[in-house]
K.L.:
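Would you mind keeping the following structure in view while I ask a few things?
Numbers restart at 1 for each chain; the letters A, B, ... are given by sequence-line order, proteins then strands. The model shown is predicted, which means the values in this text are computed figures rather than measured ones.
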Amino acid sequence: MTAETAAAGDGDRLPNTVFALDAVTLARRLIGSTLTVDGVGGRIVETEAYRRDDAASHSFRGETLRNRAMFGPVGHAYVYRSYGIHWCLNFVCDGAEPGSAVLIRALEPLFGLDRMVERRGLADPRRLCAGPGRLAQALGLDRSHDGLDLSQPPFRLTEGDEVPVPILVGARIGISKAAEQPWRFGLAGSRHLSRPFAKGEIASSGTETV
DNA sequence: GAATTGATGCGCT
DNA sequence: GCGCATCAATTCA
């Protein structure tokens, strides 16, 4: 079945139990799975983990009006405005430690390409969803999605194909605090990453089923 | 290709 | 005021 004929999110839904995982484990687990919003989306190829005890995390200094969703139920979305211009999407997780989330940094566009191009105003497939702000714009995400349940429409999360592919691990991007933590994950060989992984970061200790 | 800069919301000191 | 979990246009090369 091709990407064109497949309905958005065809395949097994991600079990809600994955959101009980800690952020680092979930960030790795999500690589290769499929995310769509109102039928528009694709394969998750890049994520970052953020924890409560993490100086780079919005939840580090406790709950505020902005980060309220991070302290809400797991399996819900945390959508925030970045640099006053962009929106960024996180998955809230880890019920044992409220304030944990996984930032979705990049997708391989597969479904609703025309709608993405329309929203982004740029057709370059390499830059359609390569970056958290670009991804949110392509999927039409904004404040109205903050706090919504990821298991309900317009969201749909499904397992990826069962093809073993190495997972890249590296330092997170665009942060100044706790920047040394290797909590950025990527799909090896993907041409849709927001930025390439450094040579030293290409060390993956095995393969994941994606 | 790499470096620089402007746009801009909002939580924090 | 300052500092961002960013991006695109512009300026170089």
K.L.:
I'd like to compare against my own output: the B/S/- annotation of nucleotides 1-13 of chain C with a strict under-4.0 Å heavy-atom distance to protein.
P.N.:
---BBBSS-----
K.L.:
Would you call A:D146 and A:R68 a salt bridge, using N to O less than 4.0 angstrom?
P.N.:
no
K.L.:
Got a salt bridge between A:D53 and A:R51, using NZ or NE/NH1/NH2 to carboxylate O under 4.0 Å?
P.N.:
yes
K.L.:
Rounded to whole angstrom, note down the C1' distance from B:dC10 over to C:dA8.
P.N.:
22 Å
K.L.:
Between atom CG in A:N67 and atom P in B:dG11, what is the gap in whole Å?
P.N.:
9 Å
K.L.:
When Watson-Crick pairs (N1 to N3 and N6-O4 or O6-N4) and G-U wobble pairs (N1-O2 and O6-N3) count only below 3.5 Å on both distances, what is the dot-bracket string of DNA chain B, with | for other-strand pairs?
P.N.:
|||||||.||||.
K.L.:
Is it true that A:R29 and A:E159 make a salt bridge, defined as a side-chain N closer than 4.0 Å to a carboxylate O?
P.N.:
yes
K.L.:
Begin with the C-alpha distance, continue with both residues' side-chain angles, and end with the deciding distance and a verdict on ring pair (Phe, Tyr, Trp, His ring centres under 6.0 Å) for A:Y50 and A:H58.
P.N.:
CA-CA 8 Å; A:Y50 287 87; A:H58 289 172; 7.4 Å; no
K.L.:
Test of understanding: with side-chain contact (heavy atoms from CB on, under 4.5 Å), list the residues that count as partners of A:R61, not counting sequence neighbours.
P.N.:
A:K177
K.L.:
Considering only NZ, NE, NH1 and NH2 on the basic side and carboxylate oxygens on the acidic side, decide whether A:E97 and A:R52 come within less than 4.0 Å.
P.N.:
no
K.L.:
Return the value, rounded to whole Å, for the distance between atom CZ of A:R195 and atom C1' of B:dA2.
P.N.:
12 Å
K.L.:
Assess A:R184 against A:F197: is NZ or CZ under 6.0 Å from the centre of the six-membered ring, and within 45 degrees of the ring's axis?
P.N.:
yes
K.L.:
Using side-chain heavy atoms (C-beta onward) and a distance below 4.5 Å, is A:W183 in contact with A:V169?
P.N.:
no
